[in-house]
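Shown next, in structure tokens, is the structure this report addresses.
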Amino acid sequence: MTVSPASTLRSDPREEAFYNEGLAVKSAEEVADAVDPRIRPEDIPDDEEVDESLSRQLSELVHHRDHHHHHGDIEKHAPEEAEHIYVDFEKGDPRNPINFSRTRKWVLTLCACFFTGLSAAAASTYNTGFPSMMRDLNCTTFQASIGLSVYALGFGIIPLVTASFSEEFGRQPLYIGSAIGFALMHLMVALSKNIQTVIVARLLAGAFGSTGATMVGGTIADIWLPYERGLPMSFFAVAAIGASGLGPAASGWIEMNHRLGWRWIQWVHLIITGIYVVMIPILMKETRSAVLLTRLARKLRKETGNHRYRARAEDERGSLRTLILISCTRPLHLLITEPAVFSFSLWIGFAWGIFYGMIESISPIFKTLHHFNSGQVGLIFLTMPIGTLLGFLTNVYQERLYQKYVSQRGPEARLYCACAAAVLFPVGLFIYAWSSFSFVYWIGLAIGIVVFMWALFIMYLAVFSYLADCYGPFASSALAGQSLCRNLMGMAFPLFSQQMYARLTYKWSSTLLALIAVLMIPIPLILFLYGPAIRRRSKFASRVM
């Protein structure tokens, strides 16, 4: 539509005051926030629907009532686009999250990444408490392993809902609610009287902790411009992968103390998470610009009585039924229909499954072959942050390549080191496989873990950075789609890894996984070479382009 000059729109002094606050009026094509391309004209809400409360929409959905209109009456339900005036931030508006000060951006980034580290550490520290848990709860190793698997299951499934809802209702409420729920699940595990309660609590802990994985990438995309995201994304990847090794280094020694054991591993987590719960409302601000604009548009409508003013994101809110269909199916839609999301999800999913299988296998391998105790096994997990550190340093070089070539290659400039990591990935597994002998010094196994974690860090960071650049406002949904695939693999591998090692031996099991990794080497190379053409055919990525 053609927007009238701002001066002709300011017929009301209240509107004049609102414009003085720095908002601009724009056409649908001019606003920064894109809406889901699956939105049809008849899905766009009318003036009454756009301000309707969520509770009322829920009541109408439950009772199957019409939404203030006849579904066939398109003229009433889908007003002409010219009737709407979209509000947007003026350039440089400090309320826009992308214009936050660097200090605030780093506070938000580090606060979100701390949650990532907590949820990552909770995955691996649980595993170190198996001996005392099996003794206290009279359960088998396999039953205890289910607690590790269902944690990954919660990580994978819940973001299908929460990631999209965060794009509609805001990041901050989900951070706060998830942190509280995550803390309560540690309390539930610590007080459990049987393994069934532990398994349920671990599933819910994964569900709440998933916010610290999936939504952080979207938060970083909210506040940092693409050329600035390299370092923040590196801190995110360090927290997601490095913390998985730092936690067991401490929990292994807690497990060795007969007066502490597995319950105190959970109590320590609860104490740290509780401190975070207190700090997060103070440090974490809303970063989703579409949510902030929606609040401002709602305020403008209320103060002026003019319902023509909207945020572009409100076009997705015709009804709760539409919101559920569009928002909650978006991650699956992207995973199934977007080649970049699907291929990267398959690649990182396989690596993540091996990672979870390795978390479970390290203890029996080092105890069986080298007679390590629980504390020494915990220290072996320090190989994970060492590999993460190498990955972090590699990313410094990757960032230089990105800054040099982004103007020519676009988001594909994120993938230079990812192509090298595709080769490094099976190399680490081969080293791990052929060091699995009692006569080979344990440092060989440790080197294999370091090389594998080095590759995993580069892969993980490349997937998150690349998808965030490609899908912009839909980044959380794209990352939730790959998170589903990644964590389903993480769930499955611990359930069969012990049986696989028993049947094929340590060396041949890891060799088989390494050979599969070799077959996946072309994945990042294909996206590096043909990514722009693939994105041009995408309904979602093409809008960001």
Side-chain angles (χ1 to χ4, degrees), residues 115 117-158 178-213 243-244 247-274 276-277 353 355-364 367 374 377-378 381 487-499:
F115 195 10
L118 285 176
S119 58
S124 52
T125 54
Y126 167 80
N127 196 70
T128 59
F130 278 10
S132 60
M133 181 188 295
M134 292 160 59
R135 180 195 67 225
D136 293 348
L137 301 183
N138 193 29
C139 64
T140 65
T141 303
F142 179 75
Q143 288 174 318
S145 298
I146 294 175
L148 179 63
S149 291
V150 296
Y151 186 81
L153 180 64
F155 251 72
I157 293 178
I158 297 303
S178 297
I180 293 172
F182 191 61
L184 292 176
M185 290 309 103
H186 286 304
L187 178 64
M188 184 174 174
V189 174
L191 298 176
S192 294
K193 302 299 182 183
N194 53 62
I195 190 62
Q196 290 81 9
T197 306
V198 171
I199 291 172
V200 172
R202 287 287 293 177
L203 174 64
L204 295 174
F208 288 115
S210 64
T211 297
S244 299
S251 62
W253 297 105
I254 296 175
E255 169 63 20
M256 284 191 67
N257 189 321
H258 296 292
R259 290 178 297 179
L260 300 177
W262 67 279
R263 293 187 190 277
W264 264 99
I265 294 174
Q266 302 302 318
W267 286 120
V268 171
H269 267 292
L270 175 61
I271 293 169
I272 298 173
T273 307
Y276 180 71
V277 167
F355 175 52
Y356 265 73
M358 188 175 285
I359 288 174
E360 190 182 30
S361 71
I362 285 175
S363 181
K367 286 183 177 180
S374 295
V377 168
F381 278 86
N487 285 292
L488 286 179
M489 295 274 198
M491 176 200 71
F493 271 66
L495 295 178
F496 66 78
S497 59
Q498 291 296 333
Q499 295 88 328

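The figures here come from the full heavy-atom set of this structure, side chains too, leaving out hydrogens, waters and symmetry mates.
Side-chain atoms of Ser210 never come within 3.5 Å of backbone atoms of Phe155 as a donor-acceptor pair (strictly under, hydrogens ignored). Side-chain atoms of Tyr151 come within 3.5 Å of backbone N or O of Ser119 as a donor-acceptor pair. With hydrogens and angles ignored, the 3.5 Å screen pairs no side-chain donor or acceptor of Thr197 with any backbone N or O of Lys193.
Shortest non-hydrogen contact noted between Gly147 and Arg202 is O-NE, 3.2 Å. Residues Arg259 and Trp264 share a closest heavy-atom pair of O-CD1, 4.2 Å. Across every non-hydrogen atom of Met491 and Ala152, the tightest pair is N-CB, 3.6 Å. Of all the heavy atoms in Ala123 and Leu148, the pair that sits closest is O-CD1, 3.2 Å. Scanning both residues, Ala201 and Val189, for their nearest heavy atoms gives CB-CG2, 3.4 Å. Here the closest heavy-atom approach between residue Gly247 and residue Ala121 is recorded as CA-CB, 4.4 Å.
Note: Leu191 CG to Gln266 CD = 10.5 Å, rounded to the nearest 0.5 Å. Within the model, atoms NE2 of His258 and CD of Glu255 stand 9.0 Å from one another, a figure rounded to the nearest 0.5 Å. Taking CG of Asp136 as the reference point, atom OG of Ser192 lies at 11.5 Å (rounded to 0.5 Å). A distance of 9.0 Å separates CG of Asn257 from CD1 of Ile254, quoted to the nearest 0.5 Å.
Side-chain atoms of Ser124 and Asn127 include no donor-acceptor pair closer than 3.5 Å. Using modelled atom types and a 3.5 Å distance limit, the side chains of Ser178 and Thr211 yield a donor-acceptor pair.
A heavy-atom distance below 4.5 Å is not found between the side chains of Thr128 and Val377. For the pair Met133/Ile195, a side-chain contact is recorded, criterion being any heavy-atom separation below 4.5 Å from C-beta on. Between Gln143 and Val198, the closest side-chain pair of non-hydrogen atoms is not below 4.5 Å. Residues Trp267 and Leu187 meet the side-chain proximity criterion, which asks for heavy atoms closer than 4.5 Å. Side-chain atoms of Leu488 and Leu153, non-hydrogen and from C-beta on, do get closer than 4.5 Å to each other. In this structure the side chain of Ser244 never reaches within 4.5 angstrom of the side chain of Met358, judged on heavy atoms. Taking the side chain as every heavy atom from C-beta outward, Ser374 and Lys367 approach each other to under 4.5 Å. By the 4.5 Å heavy-atom criterion applied to side chains, Trp262 and Leu137 are counted as neighbours.
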Side chain to side chain contact (heavy atoms under 4.5 Å, CB included) evaluation trace for Phe182 with Tyr276: CA-CA 11 Å; Phe182 191 61; Tyr276 180 71; over 6 Å; no
Arg263/Ser132 under side chain to side chain contact (heavy atoms under 4.5 Å, CB included): CA gap, chis, key distance, verdict: CA-CA 9 Å; Arg263 293 187 190 277; Ser132 60; over 6 Å; no
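Qualifying side chain to side chain contact (heavy atoms under 4.5 Å, CB included) partners for Ile146, counting only residues two or more places apart in sequence or in other chains: Phe142, Val150, Ile199, Leu495. With sequence neighbours excluded, the residues forming a ring pair (Phe, Tyr, Trp, His ring centres under 6.0 Å) with Phe496 are Phe493, listed by chain and number. By the ring pair (Phe, Tyr, Trp, His ring centres under 6.0 Å) test, His269 is found to be paired with His186, residues two or more places apart in sequence or in another chain being considered. Residues forming a side chain to side chain contact (heavy atoms under 4.5 Å, CB included) with Ala183 (at least two apart in sequence, or on another chain): Leu270, Thr273, Val277. Scanning for ring pair (Phe, Tyr, Trp, His ring centres under 6.0 Å) contacts around Phe381 gives an empty result, with sequence neighbours left out. Residues that satisfy the ring pair (Phe, Tyr, Trp, His ring centres under 6.0 Å) test with Phe130, not counting sequence neighbours, are Tyr126.
Counted within 6.0 Å of CH2 on Trp253, heavy atoms from surrounding residues, nucleotides or ligands total more than 12; the atom is thus considered enclosed.
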